Amino acid sequence: MRPLRAAPAVTLALMLGPVAAGLAGTLAPALGILPALGGERPAIAPFEALFDWPGLERAVALSLGTGLTATAVSLMVVVLFVAGWQGSRTMRGLERVLAPLLSVPHAAAALGIVFLIAPSGWIARALSPWATGWENPPDLLIVQDPWGAAMVAGLVAKEVPFLMLMTLAALPQAGAPSRMEVARALGYGPVTGWMKVVFPAVYPQIRLPVYAVLAYSMSVVDVAIILGPNTPPPLAVQVVRWMADPDLSMRFIASAGAMLQLGLVLGAMALWHLCEHVLGQAGRRWAESGGRGHGEGVLRMLGLVTVLLAGGAVVAGLAGLATWSVAGFWRFPEPWPEGITLRYWATQAPALAGTLGRTVWIGTVATALALVLVLACLEAEYRFGSMRGARVSGGLWLLYLPLLVPQVAFLPGMQSLALVAGMTAGMGVVVIGHLVFVLPYVLLSMAAPWRAWDARHATVAATLGAGPWRIFWSVRLPMLIAPVLTATAVGFAVSVGQYLPSLLIGGGRVQTLTTEAVALASGGDRRVIGVTALMQTGLVMLGFALALALPRIVTRNRRGLRTA
Amino acid sequence: MSAALRLEDLRITRGGRPLLEVEATVRPGEVLSVMGPSGIGKSTLLAAIMGTLPAGFAMTGRIWLDGREITGLPPEARGVGILFQDSLLFPHLSVAGNLAFALPRHVRGRAERQARVQRALEEIGLSGFGTRDPATLSGGQKARVALMRMLLAEPRALLLDEPFSRLDAQLRGQIRQMVLGRARAGGLPVILVTHDAEDAQAAGGARIDLD
């Protein structure tokens, strides 16, 4: 009983401890304190150096611009689509591909998009030479454009599925169908009606995910390295470059940059919050103005087209990666390679075996730990009613905290702390770093089905003589096996997709498929990139396939479990 | 008197405010009907007797069963069985698996346990249904399995939380007769919570109205 009671506290500590310690460990060098490198007393030198860096203005503008744009566009796309297509067959079809889309690692999706939009990518090939007249790939800076447009596109393609899932989950609680019936009966068009009566109930429920998207988009590093501008890059990328500098004294400026990044994210959140307020006011006036809606058809089509573009970009990108990974000679502007060869798989697969094994090992350990902790938390909540109070009063904020604090703000601190403690950054510390991000996703994915479970089953089992542990093992867990496996696949996917924790905590020595794919991105062989990114995506997909297939096999004769 | 279910000065409060007070003795084979509109705390009373009061509720008083005080015992040690309006058969187990789950540990040996389950299925007219998925049973069949599952756990008292309200009129009388008959035959004290006067009438026995 004792360990179970302690589970919520242990989980919070494991989730927030590294974040807090990491922030402290980043703040100290930013203020000049890092005894291991001779920083004995507080100084403002690191910030002075940061503000003297000529690229700063541009790097800050890029972080703010790409982050806010990607978040706003993603949210608008999701809202337009859900407003126009709620309850339709199109929507149900999309729901089915949502999980696989969501599970594609950011790096793989970004690399796929490069293969689409690059001057020698599929889009250019499809249009050449008949429309463009290009016989050779044009010398255009489409990928890594100075404005970060390609980066915003890549972020939107990946954040739309995430926000869509969150929005769909919020719809039932918002009483969407009955609200829509009322609005339609009062003569409102579907999109206008949805915006006026459903969205105000949905938004508070997806606010935290939206903030998480904002924090992520502003401070993302892997997508920015692949799709974002280079000289200068967005601030977060520059911080990682400074961290990787062989000159260790660059850690001071890196830490100052990381703190500035944290400030930028907090500032952007405050700005977003202000916009929420202003737009909320305007929205109420708009709702009361009585307009029934114009151009409904256009808005619906816009929602559909943008969602298809976002999803299609990821899928077509993966197809591009797959094609390149088996391409023989492939001349521009031919749309297909002249021959197909498995040579690159044959040579790369053995070379990547160690990296693959390490990726699986880290993902498995982090997910297993997260699973045990989350199950213990939920069981403790059920038995002792703990966390229930916390859940209402800000527990969700705590859960989201690791997703709201930019990774680049606290991971350098974790590395500096390890440096101070004289620890060699090994796999164990990397696993802890992954756990920080795996835990919230596993908890978010499992909490709703776990809490929705009809507890009278437990009451019946108890009156039949079953104690709490027998109820857990032989009633509750088997009944909830499908959501538990889904949460496992989600956790594993999150771990496989992590870039910065492996890179920064591992001090560049712990290579995973993700760090490998990102490292190859600049100037790597396209065929090798294809093999690596596909391996990364395939690993995640395999996890989801197992999570879907296993309960179907185990419970094939149990109809009552399938609807649950 | 000794084999009775006795609620001694039972008071339940919610967030410190009194919800209900009950003082009652239910003798073996007798039924105490508890009536009242929904939301009055009928199910809460049953939860108190089972030991599953939700957080926020508090209880004073004592509960006796078979001359033994069960007030502080965990639910699984009280010897109190319950039927809800839903059969709540475990969806991941077969029909036989549901029955075997309830069979006490002292019935030893695979063969003996299986034989007991078979006999139980015959008793409720469902022999041959052992391997079936509970989700494929009809409402009446589910109700019978749920009743038999509870009886196999050898309870010393029986709580009924509107167990007939989901059944259609014809089935309702039949199942009611079966449940109350089995309880009477087994000499079990019964507390029946219902908002249907017909249920209370069919049960005979004393009646408490909460309002």
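Side chains are part of it too, since the values below use all heavy atoms of this structure and drop only hydrogens, waters and symmetry mates. Order of the sequence lines fixes the chain letters, A, B, ..., with proteins taken first and strands second; residue numbering starts at 1 for each chain. Quick caveat, the model's predicted, so the values are computed rather than measured.
- To the nearest 0.5 angstrom, A:Thr459 atom OG1 is 11.0 Å from B:Leu159 atom CG.
- Heavy-atom contacts from other residues, nucleotides or ligands closer than 6.0 Å to CD of B:Gln177 number 12 or fewer.
- The number of heavy-atom neighbours closer than 6.0 Å to CZ of B:Arg176, taken from other residues, nucleotides and ligands shown, is above 12.
- Counting heavy atoms from C-beta outward, A:Ile471 and B:Glu76 have side chains that stay 4.5 Å or more apart.
- With a 4.5 Å cut-off on non-hydrogen atoms, B:Leu89 touches chain A through its backbone but not through its side chain.
- Looking at B:Arg149, the atoms closer than 4.5 Å to chain A (heavy atoms on both sides) sit in the backbone and in the side chain alike.
- Both the backbone and the side chain of A:Ala461 come within contact range of chain B, judged by heavy atoms closer than 4.5 Å.
- Atoms CZ and OG1, on A:Arg558 and B:Thr136 in that order, are 8.5 Å from each other to the nearest 0.5 Å.
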| request: Could you please spell out the steps behind the side-chain contact (heavy atoms from CB on, under 4.5 Å) verdict for A:Arg456 and B:Asp161? | output: CA-CA 11 Å; A:Arg456 291 178 308 166; B:Asp161 192 352; over 6 Å; no
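- Atoms CD1 and OG1, on B:Ile49 and A:Thr463 in that order, are 13.0 Å from each other to the nearest 0.5 Å.
- B:Arg113 CZ: more than 12 foreign heavy atoms inside a 6.0 Å radius.
- At a 4.5 Å heavy-atom cutoff, the contact between B:Ala102 and chain A is made by backbone and side-chain atoms alike.
- Taken from CZ in B:Phe84 to CG in A:Asp454, the straight-line distance is 8.0 Å, to the nearest 0.5 Å.
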Determine all donor-acceptor pairs shorter than 3.5 Å in which one atom belongs to a side chain in residues 179-193 of chain B; sequence neighbours excluded.
{"residue": "B:Arg182", "atom": "NH1", "partner": "B:Glu123", "partner atom": "OE1", "Å": "2.8"}
{"residue": "B:Arg182", "atom": "NH2", "partner": "B:Glu123", "partner atom": "OE1", "Å": "2.9"}

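- A distance of 9.5 Å separates CG of A:Leu477 from NE2 of B:His92, quoted to the nearest 0.5 Å.
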